[in-house]
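Contents: one structure, followed by commentary.
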Amino acid sequence: FEVAGLHQPGELIAWYTAQRAMRGQAFGQGRSCHVEGDPPESYTRREDILSARPGDTAIFEGSITDLQQRLAARGYIADTGLAVSLFLALRLGRPLFLEGQAGVGKTALASAIAEALETDLIRLQCYEGLDITHAAYEWDYARQMLELRILEASGAIDRSAARRELYSEAFLIKRPLLQAIDPARTRPVVLLIDEIDRADEEFEGYLLELLAEFQMTIPELGTVRAT
């Protein structure tokens, strides 16, 4: 990550965030802005420095230019700023927060990157009142009751065994969040959490915790972690 004198991914993120913030302030005041310390003209051609190294495990193993070309092939033109942010999110395995007016291409980016990575796109549409049962998981109570009656009819109910059977994955309905981190998946998916600002504060807090560790605790089953 030796770009513009920076040697660590975190330094590059902090540098890039600072540049974007300063340019944003200048734009808001109706003037142009040149920030000292901008990458050299050859910055976008130095992708070999930022690309995956042998032995690294990453969702995307190409370069920034490769990423832009893949997106372009899917009809999405990403400028250098967006491509760098997306590239870092993929290389570091962290979420990417996109903010902007409706129709600027936030949702389209998720679809394009899923196609570019040849993986699934899972979408969670946020709204006021959204809860865990609609976003993460819920138990199939109807099937559980039916299974319980079958066990009762058999005349041999072991409480511990019955509980383990009733609260097993076979009776678990997986919603988008759980689907995205399902350890049974052989390839990471693209999870789009759309219009997160419409969700309640409590649910936003739950999402932040989930995205920080890519894991979810289900009291009856334990902790589910993405692999």
Atom [atom1] in [X], atom [atom2] in [Y]: separation rounded to 0.5 Å?
{"X": "Leu166", "Y": "Gln144", "atom1": "CG", "atom2": "CD", "answer": "6.0 Å"}
{"X": "Leu109", "Y": "Lys106", "atom1": "CG", "atom2": "NZ", "answer": "10.5 Å"}
{"X": "Ile193", "Y": "Leu98", "atom1": "CD1", "atom2": "CG", "answer": "11.5 Å"}

Among residues at least two apart in sequence or on other chains, which ones pass salt bridge (Lys or Arg N to Asp or Glu O under 4.0 Å) with Asp131?
none

Charged N to carboxylate O below 4.0 Å: is that the case for [X] and [Y]?
{"X": "Asp120", "Y": "Arg185", "value": "yes"}
{"X": "Lys174", "Y": "Glu169", "value": "yes"}
{"X": "Arg198", "Y": "Glu195", "value": "yes"}

For Tyr137 and Gln179, indicate whether the former's side chain and the latter's backbone hold a donor-acceptor pair under 3.5 Å.
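Not confirmed, Tyr137 side chain does not pair with Gln179 backbone.
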
Between Arg225 and Asp182, is there a donor-acceptor pair closer than 3.5 Å when you use the side chain of the first and the backbone of the second?
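Side chain of Arg225 to backbone of Asp182: no pair is present.
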
Excluding sequence neighbours, so at least two apart, what forms ring pair (Phe, Tyr, Trp, His ring centres under 6.0 Å) with Phe171?
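Phe171: no ring pair (Phe, Tyr, Trp, His ring centres under 6.0 Å) contacts found.
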
Looking only at heavy atoms, what is the nearest atom pair of Tyr206 and Ala136, with distance?
OH-CB, 3.9 Å

Test of understanding: with side chain to side chain contact (heavy atoms under 4.5 Å, CB included), list the residues that count as partners of Arg163, not counting sequence neighbours.
Tyr167, Glu220

I'd like to know if the side chain of Gln68 pairs up with that of Arg70 as donor and acceptor (distance under 3.5 Å, no hydrogens or angles considered).
no

